[in-house]
Amino acid sequence: MTIRLYNTLSGKKEVLETIEPNKVRFYACGPTVYNLFHVGNGRMFVVFDTVRRYLEYRGYEVRFVQNFTDVDDRIINRANELGENVRDVANRYIEEYFRDADALGIKPATVHPRATECIPEIIAFIADLIRLGHAYEREGDVYFDTSSFAEYGKLSHQSLDEMQAGFRITVLEHKDDPTDFALWKSAKPGEEYWESPWGPGRPGWHIECSVMNAKYLGEEIDIHAGGRDLVFPHHENEIAQSESRFGHTFARYWLHNGTLNINGEKMSKSLGNFIMTRDLLEERSAAAVRFFLLSAQYRHPLNYTQDAMEQAEQSVVRIGRSLRNLAHRREVLLEGPSFARGDEGVRNEVQAEFDGVRKMFVDAMDDDFNTADAIAAVFEAVRLANTYLAEDQVRESELNGWESLISELLSVLGIQLSNDVTPQSTARSEDEEIESLIAARNQARKARDFKRADEIRDELSARGITIEDTAQGTRWFRS
RNA sequence: GGCGCCAUAGCCAAGUGGUAAGGCAGAGGUCUGCAAAACCUCGAUUCGCCAGUUCGAAUCUGGCUGGCGCCUCCA
């Protein structure tokens, strides 16, 4: 069993072969912290969080690094707009990132470096590039000389000639060539700056990622991930910088997720057609949002619509009901006569079903993290579990088996189903009353006084209590 | 202008040469006093359109149409 992943560099699916056995060095580009992140950004975080979880599930020790770009024109502009200090703005949005990421079930990376924490290393890296003849200084700015890197364009599959032909407006500044890009930008009056051999200034955008990779993961890494829109120029430039500096392969596998679209267009801050993740979470469950974001293969575009979100919500409800029914059945079982608790282990045919579902899931995820197929495996487990629940005799070990299997798969996808949100204190005091109403209703049903039974059900329903009569008794829950 | 991607049922979405997964919504059935939950069955003779290759194509090739992304900040 091997994991295959689509590598943007080769344009093919390749077998994952890591630098060190059972260890993955994984870098994903993080946000520029000048605002909250929108659902499109959220897709990227969720997708690669899921890749990371899956690699861990498959036994890899994953060292996952995700940076914060906390030096950027946009942050400076934002700070000016707000009349605040640049550092304060950046720090605040880093905190806000963690808040929303946590709400979406995105695990913190192993390391979350910030560009401002790596300034000395960035300066040293740039100095090395100049020394090696890959960069030049012009009036306090430093540029990377793309013509010095023969393989420039290999990630985006374009030649330098093609790129130059594509430049509509040539903004040369001090650059020798339009495809050259800034490594170091001299500070404009009033801007935050760091001292450097080229005068006061700040790092360009691309250099921080090259530096952080080297600093936290080493000169060569296994997986580098980001959104499709980072392929060019950002990742192309990272490759140019790192490979020019170290003289060998930078990242083995380049993973890029498709855009999240809305009304057929890419959701982006510059187009202004975005929905903040935080706002979406006000009206939708995190589980549904995450389900939606994983409902398509990560490389494909995904269109955001109300309808699709509603469908995701319903799908998640179906899974949740199955888990709820498994838990209820176990509760009844444990309360029942002791012979019903007999636990002789899991029957072979049920074990075979567990194995079948798990294989379906792993096969799907092994094939370039096909979460759409993986979700189908979850539904297969749900269907089989529900079928098992319809049996007259069930065993605790098997109920537990279904529950833990479904939970196991959901946790790899990072989908956490919210439990009853009613505060415990309120819940407990109310429980007794509900139980007695249900008992009264069952008395009425026994006496075939269905009018009275339905009245009680309506009353409970009005209080937000849904009841379901099963062969094992009546179960209820807050809706 | 250059590079690249996509087009599968009402909706979402897998499937890259062997005869169309899964989910949502819908219809019918079973169970139930009823309801709910659940299970079963039904739904694309067909995969944007037109040619071609092949014993065989949603899957490969060419053309066309429609849509998107990148080439400028962007996950």
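Within every chain, numbering begins at 1; the chains are lettered A, B, ... in the order of the sequence lines, protein sequences first and strands thereafter.
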ask   = Any ion pair linking Arg324(A) and Glu468(A) (charged N to carboxylate O, less than 4.0 Å)?
value = yes
request  = Would you mind reading off the distance between Tyr6(A) atom OH and rU16(B) atom P, rounded to a whole angstrom?
outcome  = 14 Å
message = What's Ser315(A) touching, base or sugar-phosphate or nothing? Going by heavy atoms closer than 4.0 Å.
response = sugar-phosphate
key: Electrostatic pair Arg284(A):Glu313(A) at N-O distance under 4.0 angstrom   = yes
message = So Ser270(A), base contact, sugar-phosphate only, or nothing? Heavy-atom distance under 4.0 Å.
response = base
ask   = Between Gln314(A) and rA25(B), is there a side-chain N or O to OP1/OP2 distance below 4.0 Å?
value = yes
Toward the 5' end of RNA chain B, by each residue's nearest nucleotide, Cys29(A) or Arg321(A) = Arg321(A)
inquiry  = Closer than 4.0 angstrom, basic N to acidic O: yes or no for Lys107(A) and Asp49(A)?
reply    = no
message = Ignoring hydrogens and geometry beyond distance, is a side-chain donor-acceptor pair present between Arg78(A) and Asn35(A) at under 3.5 Å?
response = no
key: Rounded distance (Å) that lies between atom C1' of rU32(B) and atom CZ of Arg448(A)   = 11 Å
Complementary nucleotide of rG1(B), counting Watson-Crick and G-U pairs under 3.5 Å = rC71(B)
note = Rounded to whole Å, the CG-C1' distance (Leu271(A) to rU72(B)) equals 12 Å
Geometric class of the His38(A)/Phe274(A) ring pair [parallel <30°, tilted 30-60°, perpendicular >60°] = parallel
message = Does this structure show an ion pair linking Glu455(A) with Lys451(A), if we count only N-O contacts that are shorter than 4.0 Å?
response = yes
message = For a quick check of understanding: with a heavy-atom distance under 4.0 Å over all strands, which category does Ile467(A) fall into, base, sugar-phosphate or nothing?
response = base
ask   = Given the P atoms of rA44(B) and rC64(B), what is the spacing between them in whole Å?
value = 33 Å
task = Specify whether Trp254(A) and His235(A) have parallel, tilted or perpendicular ring planes, treating 30° as the upper limit for parallel and 60° as the lower limit for perpendicular.
result = tilted
ask   = Are Lys266(A) and rA75(B) close enough that a side-chain N or O sits under 4.0 Å from OP1 or OP2?
value = no
request  = Sticking with atom P, work out how far rG26(B) lies from rG62(B), rounded to a whole angstrom.
outcome  = 44 Å
ask   = Using atom C1' of each nucleotide, how far apart are rG18(B) and rA7(B) to the nearest Å?
value = 24 Å
inquiry  = Under a 4.0 Å threshold between the charged nitrogen and the carboxylate oxygen, would Arg457(A) count as salt-bridged to Asp454(A)?
reply    = yes
task = Taking atom types as modelled, find out whether Asn67(A) and Tyr27(A) have a side-chain donor-acceptor pair closer than 3.5 angstrom.
result = yes
inquiry  = Without decimals, in angstroms, what is the distance between Leu326(A) CG and rA37(B) P?
reply    = 16 Å
Polar atoms only, N or O, under 3.5 Å: list the protein pairs with nucleotides 7-11 of chain B and their distances.
from: rC11(B); atom 1: O2'; to: Asp307(A); atom 2: OD2; distance (Å): 2.9
from: rC11(B); atom 1: O2'; to: Gln311(A); atom 2: NE2; distance (Å): 3.1
from: rC11(B); atom 1: O2; to: Gln311(A); atom 2: OE1; distance (Å): 3.1
from: rC11(B); atom 1: O2; to: Gln311(A); atom 2: NE2; distance (Å): 3.0

note = Closest to the side chain of Glu468(A), out of rC70(B), rG22(B), rA36(B), is rA36(B)
request  = Run the salt-bridge test on Glu84(A) and Arg92(A) with the 4.0 Å N-O cut-off and return the result as yes or no.
outcome  = yes
ask   = In whole Å, what separates the P atom of rC47(B) from that of rC11(B)?
value = 16 Å
query = So what does Asn386(A) hit on the nucleic acid, given a heavy-atom distance under 4.0 Å: a base, only sugar-phosphate, or nothing?
reply = sugar-phosphate
key: Heavy-atom donor-acceptor pair, Arg457(A) side-chain to rA35(B) base, under 3.5 Å   = yes
ask   = When you check the side-chain N and O atoms of Arg329(A) and Thr470(A), is any donor under 3.5 Å from an acceptor?
value = no
ask   = If we call it a pair only when both distances are under 3.5 Å in a Watson-Crick or G-U wobble match, what pairs with rU41(B)?
value = rA27(B)
message = What's the gap between rC6(B) and rU59(B) when it is taken at their C1' atoms, as a whole Å value?
response = 15 Å
Which protein N or O atoms sit under 3.5 Å from an N or O of nucleotides 13-15 of chain B?
from: rA14(B); atom 1: OP1; to: Gln297(A); atom 2: N; distance (Å): 2.6
from: rA14(B); atom 1: OP1; to: His300(A); atom 2: ND1; distance (Å): 3.3
from: rA14(B); atom 1: O3'; to: Asn370(A); atom 2: ND2; distance (Å): 2.9
from: rA14(B); atom 1: O2'; to: Asp373(A); atom 2: OD1; distance (Å): 2.2
from: rA14(B); atom 1: O2'; to: Asp373(A); atom 2: OD2; distance (Å): 2.4
from: rG15(B); atom 1: OP1; to: Asn370(A); atom 2: ND2; distance (Å): 2.9

query = Expressed in angstrom and rounded to an integer, what is the separation of Phe361(A) atom CZ from rA21(B) atom C1'?
reply = 16 Å
query = In Å, rounded to the nearest 0.5 Å, how long is the span from CZ of Phe181(A) to CD1 of Ile207(A)?
reply = 7.5 Å
message = Nearest whole Å is fine: how far is rA75(B) P from Ile106(A) CD1?
response = 14 Å
request  = Could you let me know what rU19(B) is paired to, Watson-Crick or G-U wobble, both distances under 3.5 Å, or none if it's on its own?
outcome  = none
ask   = Can a donor-acceptor pair under 3.5 Å be found between the side-chain atoms of Asp469(A) and the base atoms of rC34(B)?
value = yes
Options rA75(B), rC71(B), rA36(B), nucleotide nearest the side-chain atoms of Pro233(A) = rC71(B)
message = Using atom C1' in both nucleotides, what's the gap between rU41(B) and rC31(B) to the nearest angstrom?
response = 15 Å
query = Reckon Arg318(A) has a side-chain N or O less than 4.0 Å from the OP1 or OP2 of rC39(B)?
reply = yes
query = With both distances under 3.5 Å as the test, what is the Watson-Crick or G-U wobble partner of rA7(B)?
reply = rU65(B)
task = Respond yes when some side-chain nitrogen or oxygen of Arg228(A) is under 4.0 Å from OP1 or OP2 of rG4(B), and no when none is.
result = no
query = Would you call Glu408(A) and Arg358(A) a salt bridge, using N to O less than 4.0 angstrom?
reply = yes
query = Closer to the 5' end of RNA chain B via nearest nucleotide, is it Ser322(A) or Gly264(A)?
reply = Ser322(A)
query = With a non-hydrogen cut-off below 4.0 angstrom, is Arg78(A) in contact with a base, only sugar-phosphate, or nothing?
reply = nothing
ask   = Within the pair Asn325(A) and rA37(B), is there a side-chain N or O less than 4.0 Å away from OP1 or OP2?
value = no
message = Looking only at the side chain of Thr259(A) (C-beta and beyond, no hydrogens), which of the listed nucleotides rG33(B), rA75(B), rC71(B) gets closest?
response = rA75(B)
request  = Select base, sugar-phosphate, or nothing to describe what Arg324(A) touches, counting heavy atoms under 4.0 Å on all strands.
outcome  = nothing
query = CD of Glu380(A) versus P of rC39(B): gap in Å, rounded?
reply = 11 Å
key: Distance, rounded to the nearest Å, where Ile438(A) contributes CD1 and rA36(B) contributes P   = 17 Å
task = Give a yes or no on whether a salt bridge exists between Asp367(A) and Arg4(A), defined as a side-chain N under 4.0 angstrom from a carboxylate O.
result = yes
query = Using a distance-only test with no angle check, is there a side-chain donor-acceptor pair under 3.5 angstrom linking Arg53(A) and Tyr57(A)?
reply = no
message = Between rG22(B) and Phe379(A), is there a base-stacking contact, meaning the centre of the base's six-membered ring lies under 5.5 Å from the residue's ring centre while the planes stay under 30° apart?
response = no
note = rU59(B) -> Watson-Crick or G-U wobble partner, both distances under 3.5 Å, gives none
query = Which residues, if any, of residues 38-47 of chain A bring a heavy atom under 4.0 Å of RNA chain B?
reply = His38(A), Gly40(A), Asn41(A), Met44(A)
